[in-house]
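One structure, pasted below without further comment.
Just so you know, these numbers come straight off a predicted model, no measurement behind them.
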Amino acid sequence: MPRYNPKTIEPKWQAFWEKNRTFETSEHPPENSTGKMYVLDMFPYPSGSGLHVGHPEGYTATDIITRHARMQGKHVLHPMGWDAFGLPAEQHAIETGTHPRETTYKNIDNFRRQLQQLGFSYDWTREISTTDEDYVRWTQWIFLQLFGSWYDPDFTWTGPDGKKRTGKGRPIDDLPIPEEIQAEGEDAVRKYQDENRLAYQLEAPVNWCPKLGTVLANEEVTSDGKSDRGNHPVERRNLRQWMLRITSYAQRLITELDDLDWPESVKQLQRNWIGKSTGAEVDFLIKDQDSGISFQNWRANRSKQGFPKQSDEAVLRVYTTRPDTLYGATYMVIAPEHPFASRLTTPEQKDAVEQYIKKTAAKSDLDRTDLAKEKTGVFTGSYAYNPVNGKEIPIWIADYVLLSYGTGAIMSVPAHDERDLEFAQTFDLPVIEVVKPTDEKTPAIGFTGEGTAINSGQYDGTPTAKFKKKIAAWLEENGLGKQAVNFRLRDWLFSRQRYWGEPFPIWHELDEQGNLTGKIRPVDDSQLPVKLPDMDDFAPKGTPEPPLSAAPESWLYMTDEKGVRWRRETNSMPQWAGSCWYFLRFCDNKNSERFIDPEKEKYWMPVDLYIGGAEHAVLHLLYSRFWHKVLFDLGHLQSPEPFHKLVNQGMILGEAELTGYQTVDDKKWVSAKEVTEQDEKFIDKKNGKEVVVVNIDAEDAQKKGSDFVLNSDPSIVIVSRAHKMSKSRGNVINPDEVVEFYGADALRLYEMFMGPLEQTKPWSMSGVEGVYRFLGRVWRMIVDEKNDEQVTLSPAVQDVEPNESQLRILHKTIKAVSKDIEKLSFNTAISKMMEFTNEMSGQKTIPISVMKDFILLLSPFAPHIAEELWELLGSNESLAYAAWPKYDESKLTESEIEIPVQVNGKLRAKIKIAVDADQKTMEQTAREDANVKSHLEGKQVVKVICIPKRMVNFVVKG
RNA sequence: GCCGAAGUGGCGGAAUGGCAGACGCGCCGGACUCAAAAUCCGGUGAGGGUAAUCCUCAUGUGGGUUCGAGUCCCACCUUCGGUACCA
């Protein structure tokens, strides 16, 4: 069997690695270790459809890095596991009656098989699944850490990393209890504590998806108000939910991004998601006929007493980023859910307001945002005083103001805010310009940038930036406002109404009637994990009541030592929970005492390289960082951040397709230039009629200018595009089939050769064929194909000293491949190895030593063929820990090199010169070239630029 | 609208400010073969030219900096991804 046959080689070496436990990470670093290296893939959700070609892309990249690192003497940790809770398994269970556990573990087996046949060097003894009871135990334990803590924003401390921070998550017992609450008794204290926990319950409007039978986090709802999974409609409902106080960590989540080696675009995405804004909170006195507080008295009072921490009933507190526009505030708006809404409504306005609130409450997020761009609202009948000038301004209710941001109330400055202007125009409210743009041509109304103040009393003429500072000081001095920071980030809605997730380790107290008293207590650590009860029916009931509420009584209830009945929390945790800390468990996956041994955490963390899809740029990566910081604050971890270096692999699209458009009835071609997309339909712009998409064979099309056109009618432009792989499009590539046909090495190599790791790129089966042929050439370079019986060395491969040019190409390749691996530039590394092979294959004698080094270079990319050839070249040990070849700079230099000669920057000749030729010689040699001569003829040489080893350029005139 | 990434042959892509198109695919020609597959060798940006180690043009568009720009600067266009009343 002389032909390159991955089908025999690959299983052979996979079995070898398993038997010899080649890739198990030793407890202790190897002798002469050059340090630890933790390389991690984003672990997959083991779906029923198996591995997708997108998975091996990142996994091959990390595999190359780790194999290379081992050969450099690094102590490598490279694990794999499963993010196995989640909707699809449960959905499948509902449809087929199979228990999600069964489906999940079956899918895991399939995924593991698929990954193993790709030859990844994972340490499988560290495999974990988020659904393992041992793992769930610690996920629940971490939840209890959150439950048992509060955030002290003023606490200044220095962490184990030596950095000084302000703000810390601390044990709930350390929470100072205000005297007035202490005085109210034990229940009040407990309630106060509960309200301050990092994990707390809240009655809140949530995204309820009837179809999925669950509430969703904001992040799981698309911008058009559909569920991220399944694209079902989502509506708003008030439900009791568990929330995690991620907003407390907002500032640190922004600040501590700085030291991470992440793509700047991902950092920016997180910053935008957290959305910090600075401005001021300002109190507006409500004009109140009953109390009769006059504006003057209030102002005088405030000057004395200052700005209260909590706003009182007499005022409406707003948040603004533009306190410099206070003089332009002509009305106020509160959110429909604002607690003052009904109180501010006058009897005459009562009907209108009630109707409006009802209407907006029924609106889905979809209606409240995108489609309904026109502003709606209703006047409350009440007024407030503008604190800067005492003017009475009306208070409106409108749903363009959100209760969940800032204070849920705004001052409207229609002249300088797009939304306010639109609203003012709709309801005919006054508009006062208070900022003059620096550019004369720009109209002041609608100008939202910075300029100079007008119509602002004594501040007229002040530039915006300066004005902001001045007015902030003035507000503070007069007790009317203070500087404030707001974040777009909301607390994390952490509960789901689903069966297949981690149960909360929480008990709710019941009174004698069986109603919740509001008192809760955590399950004791020693009782963890709270296992999922065995149930036959886990289907959502279409009501917010979770499936677990139908669990067996023995699971659901307990009676404590005092005879009090308790009921378990029946919500479950979201899928994100398990992925928030799995990288920690990999370091110490069998520890039964702790979630991770502190020494191991100190040794392995942070993850040195983390590769995964860009779709997790905010959610998973933000949640993980949040949990990590909480555990860090509580002293359980020494690393403040989980992932040091992050790389996003690009998406792999289907093969490029040519498509054209035809009329529905008579199948006439319509040029793509005439077609536009509307609501997922394609319309002929000329007549508004629908056209259908038709696939076109590559042979029937040609390129014309920048377009592709039909051969039969070049006036018809067609579209060439690669699309996302999807079942409906039928362009999904199954890795199993690729392996079956070309082998794992070819698949790995191809995925790396396609282009830069981070780039989106289309699949091409003939590209796979190309790298497969390359592996065949490598095989034939070393193996005697004429020998049909067994694998023997090609007669050309001999134990001889390499000549100078062989050494040069070898060392050039070692240098380039080594550098490219470090840069994660795998596509160019492979092309360098192709060049090497092209050059060496033809040679009469090929030194074994050169081949050995080359095989080592190839091994991280195509490990199976490399091991096979390594063995053939005379080794009886795996190459997995062989020393990575080193290049010798002195072997690279050539005595004579070719350099370009330019005249006025245009290439005119190439000359051969000694590598160490001085500038004079270079110029001399260049001038002697016939073509250069002809271009210099009759011209005046103004300047000669000679760059040694590079080029010569003559600058001429005339 | 805002934020981010990217525009280079028929295609995927390569190029510390210094020979544009490495490497691969595809295509064309040749060798081997009775023939085919496989393999090997050569060619392949466009246009001009009898030919050359020749000339012109060419990295989305228009300007600029520079002896020299795919690469740096300014403006614009297009595509893709994310996000959207956040005061």
For the CG atom of D417(A) and the CG atom of L421(A), what is their distance to the nearest 0.5 Å?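 It comes to 8.5 Å.
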
So which nucleotide from C54(B), A20(B), G18(B) ends up closest to the side chain of L907(A)?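 The listed nucleotide nearest to L907(A)'s side chain is A20(B).
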
In terms of side-chain heavy atoms of Q268(A), which of G13(B), G4(B), A87(B) is nearest?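 Side chain of Q268(A) sits closest to G4(B).
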
Mind checking the C1' distance from G4(B) to C54(B)? Whole angstroms is fine.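 Taking atom C1' in both G4(B) and C54(B), they lie 47 Å apart.
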
Without decimals, in angstroms, what is the distance between F753(A) CZ and C11(B) C1'?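 Checked: the CZ to C1' distance equals 13 Å.
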
Looking only at side-chain atoms of E835(A), point me to the closest of A22(B), U83(B), G12(B).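 Output: A22(B).
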
As a quick check of understanding, evaluate ring pair (Phe, Tyr, Trp, His ring centres under 6.0 Å) for F826(A) and F753(A), giving each step before the final call. CA-CA 7 Å; F826(A) 304 120; F753(A) 187 61; over 10 Å; no

Write out the stems for RNA chain B, ordered by first number and formatted as range with range, counting runs of at least 3 consecutive Watson-Crick or G-U wobble pairs under 3.5 Å.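 As far as RNA chain B goes, consecutive pairing (with distances under 3.5 Å) yields the stems B:1-7 with B:77-83, B:10-12 with B:23-25, B:26-31 with B:39-44, B:45-48 with B:54-57, B:60-64 with B:72-76.
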
For G64(B), measure the glycosidic angle (O4'-C1'-N9-C4 for a purine, O4'-C1'-N1-C2 for a pyrimidine) and name it syn if it falls within 90° of 0, otherwise anti.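 Anti conformation for G64(B).
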
Between E422(A) and K375(A), does at least one N-O distance fall below 4.0 Å, as a salt bridge requires?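 Judged by the 4.0 Å cut-off on N to carboxylate O distance, E422(A) and K375(A) do form a salt bridge.
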
Contacts of Y750(A) that satisfy ring pair (Phe, Tyr, Trp, His ring centres under 6.0 Å) - sequence neighbours left out: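 Checked Y750(A) against ring pair (Phe, Tyr, Trp, His ring centres under 6.0 Å); matches are W763(A).
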
Closer to the 5' end of RNA chain B via nearest nucleotide, is it G408(A) or I945(A)?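 Whichever sits nearer the 5' end wins; that is I945(A).
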
Using atom CG of L757(A) as one end and atom P of A14(B) as the other, report the distance to the nearest whole Å.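 After rounding, the reported distance stands at 12 Å.
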
Side chain of T320(A): nearest nucleotide among C19(B), G18(B), A87(B)?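 Among C19(B), G18(B), A87(B), the one nearest the side chain of T320(A) is A87(B).
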
Taking the side chain of Y405(A) as heavy atoms from C-beta outward, which of U39(B), C3(B), A87(B) is closest to it?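 The answer is A87(B), which lies nearest to the side chain.
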
Mark yes or no for a side-chain to base donor-acceptor pair under 3.5 Å between K832(A) and C23(B), with no hydrogen or angle criteria applied.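 Result: no qualifying N/O pair found.
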
Between C1' on U66(B) and CG on N904(A), what's the gap in Å once rounded to a whole number?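 Going from N904(A) (CG) to U66(B) (C1'), I get 13 Å.
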
Work out how far the C1' atom of C19(B) is from that of A58(B), and round it to whole angstrom.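 Going atom to atom, C1' in each nucleotide, I get 15 Å.
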
Presence of S934(A) side-chain N/O under 4.0 Å of C54(B) phosphate oxygens OP1/OP2: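 Answer is no, no contact under 4.0 Å.
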
Is any side-chain nitrogen or oxygen of R271(A) closer than 4.0 Å to OP1 or OP2 of C3(B)?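 Answer no for this pair, as no side-chain N or O of R271(A) is under 4.0 Å from OP1 or OP2.
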
Report yes if a donor N or O on one partner sits less than 3.5 Å from an acceptor N or O on the other, where the partners are the side chain of K910(A) and the base of C19(B); otherwise report no.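 Yes, the side chain and the base share a sub-3.5 Å donor-acceptor pair.
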
Quick check: do T320(A) and I410(A) have side-chain heavy atoms less than 4.5 Å from each other?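 No, side chains not in contact.
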
Atom CH2 of W763(A) and atom P of G24(B): how far apart are they, to the nearest Å?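 Nearest whole value for this atom pair: 19 Å.
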
With a 6.0 Å cut-off (strictly less than), is the heavy-atom count around OH of Y405(A), excluding the residue itself, greater than 12?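 Yes, because the 6.0 Å sphere around OH of Y405(A) holds more than 12 heavy atoms from other groups.
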
Would you mind reading off the distance between K812(A) atom NZ and C23(B) atom P, rounded to a whole angstrom?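 Whole-Å distance recorded here is 10 Å.
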
In chain order, what residues pass the salt bridge (charged side-chain N to carboxylate O under 4.0 Å, His left out) check against E898(A), with sequence neighbours excluded?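 Partners of E898(A) by the salt bridge (charged side-chain N to carboxylate O under 4.0 Å, His left out) criterion come out as none, since no residue qualifies.
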
Distance in Å, K933(A) NZ paired with D929(A) CG, rounded so as to fall on 0.5 Å steps: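 With rounding to 0.5 Å, NZ (K933(A)) is 8.5 Å from CG (D929(A)).
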
Residue closer to the 5' end of RNA chain B, P756(A) versus T321(A) (nearest nucleotide):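 Nearest-nucleotide comparison on RNA chain B picks P756(A).
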
Closest nucleotide among G4(B), A87(B), G12(B) to the S277(A) side chain: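 Side chain of S277(A) sits closest to A87(B).
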
Check whether any side-chain N or O of N486(A) sits under 4.0 Å from OP1 or OP2 of A87(B), and answer yes or no.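 No, outside the criterion.
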
Same-atom distance (C1') from G63(B) to G12(B), integer angstrom: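 One C1' to the other, the span is 32 Å.
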
Quick check for you: to the nearest 0.5 Å, what is the distance between E615(A) atom CD and N648(A) atom CG?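 Rounded to the nearest 0.5 Å, the CD-CG separation comes out at 8.0 Å.
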
Can you name the atoms? Protein N/O to nucleotides 77-81 of chain B N/O, anything below 3.5 Å, with the distance.
residue : atom : partner : partner atom : Å
C80(B)  : OP1  : R721(A) : NH1          : 3.3

Rounded to the Å, how far apart are R490(A) CZ and U83(B) C1'?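 Checked: the CZ to C1' distance equals 14 Å.
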
Return no unless some side-chain N or O of Q902(A) is found under 4.0 Å from OP1 or OP2 of G18(B).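 Looking at the OP1 and OP2 atoms of G18(B), neither is under 4.0 Å from any side-chain N or O of Q902(A).
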
Could you work out the separation of G1(B) and C11(B) based on their P atoms and round it to a whole Å?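 Here G1(B) and C11(B) have their P atoms 29 Å from each other.
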
What's the spacing between Q270(A) CD and W262(A) CH2 if we round to 0.5 Å?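 If we round to the nearest 0.5 Å, Q270(A):CD and W262(A):CH2 are 4.5 Å apart.
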
Whole-Å P distance, U44(B) and G81(B):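 My reading of the P atoms in U44(B) and G81(B) gives 38 Å.
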
Can you check the D324(A) CG to A87(B) P distance for me, whole Å?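 The answer, rounded to whole Å, is 14 Å.
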
Return the CG to CD1 distance between D820(A) and I830(A), rounded to the nearest 0.5 Å.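 These two atoms lie 10.0 Å from each other.
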
Pairwise P distance, G10(B) and A46(B) [rounded to whole Å]: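 So the two P atoms sit 7 Å from each other.
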
Phosphate OP1/OP2 of A87(B) contacted by H416(A) side-chain N/O (<4.0 Å):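 No, outside the criterion.
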
Taking ring pair (Phe, Tyr, Trp, His ring centres under 6.0 Å) as the definition, give me every residue that meets it alongside H338(A), ordered by chain and number, with sequence neighbours left out.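 Testing H338(A) for ring pair (Phe, Tyr, Trp, His ring centres under 6.0 Å), a comparison that skips the adjacent residues, returns F340(A).
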
Whole-Å C1' distance, G48(B) and C41(B):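 Straight-line distance between the two C1' atoms is 30 Å.
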
Could you give the CG-to-P distance, from N648(A) to A6(B), as a whole number of Å?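 It works out to 13 Å between those atoms.
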
Contact list for RNA chain B against residues 767-777 of chain A - heavy-atom distance below 4.0 Å: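 Residues of residues 767-777 of chain A that come under 4.0 Å of RNA chain B are, in numerical order, G770(A), R773(A), R777(A).
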
If you check the R488(A) side chain, which of G68(B), U83(B), C54(B) turns out closest?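 Nearest to the side-chain atoms of R488(A), counting from C-beta on, is U83(B).
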
What's the closest nucleotide to the side chain of S766(A) if the choices are A87(B), G26(B), C23(B)?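 Within the option list, the nearest is G26(B).
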
For the residue pair Y742(A) and Y772(A), does the interplanar ring angle fall in the parallel (under 30°), tilted (30 to 60°) or perpendicular (over 60°) class?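 Perpendicular: the ring planes of Y742(A) and Y772(A) meet at over 60°.
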
Is any side-chain N or O of R908(A) closer than 4.0 Å to OP1 or OP2 of C55(B)?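 For C55(B), OP1 or OP2 has a side-chain N or O of R908(A) closer than 4.0 Å.
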
If you compare every side-chain N and O of N931(A) against the phosphate oxygens of C54(B) (OP1, OP2), does one of them come in below 4.0 Å?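 So the side-chain polar atoms of N931(A) do come within 4.0 Å of the phosphate oxygens OP1 or OP2 of C54(B), strictly under.
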
Aromatic ring centroids of Y400(A) and F423(A) under 6.0 Å?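 Centroid separation for Y400(A) and F423(A): below 6.0 Å.
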
I'd like the C1' distance from G21(B) over to U78(B), given in whole Å.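 It works out to 23 Å between them.
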
By nearest atom, which of the nucleotides A87(B), G12(B), G18(B) is closest to the I410(A) side chain?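 Per side-chain heavy atoms of I410(A), the pick is A87(B).
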
If you take the centroid of each ring, where Trp contributes its six-membered ring, are Y331(A) and F427(A) closer together than 6.0 Å?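 Judged by ring-centre distance (under 6.0 Å), F427(A) and Y331(A) do not meet the cut-off.
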
In terms of side-chain heavy atoms of T828(A), which of G12(B), A15(B), A87(B) is nearest?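 The closest nucleotide is A15(B).
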
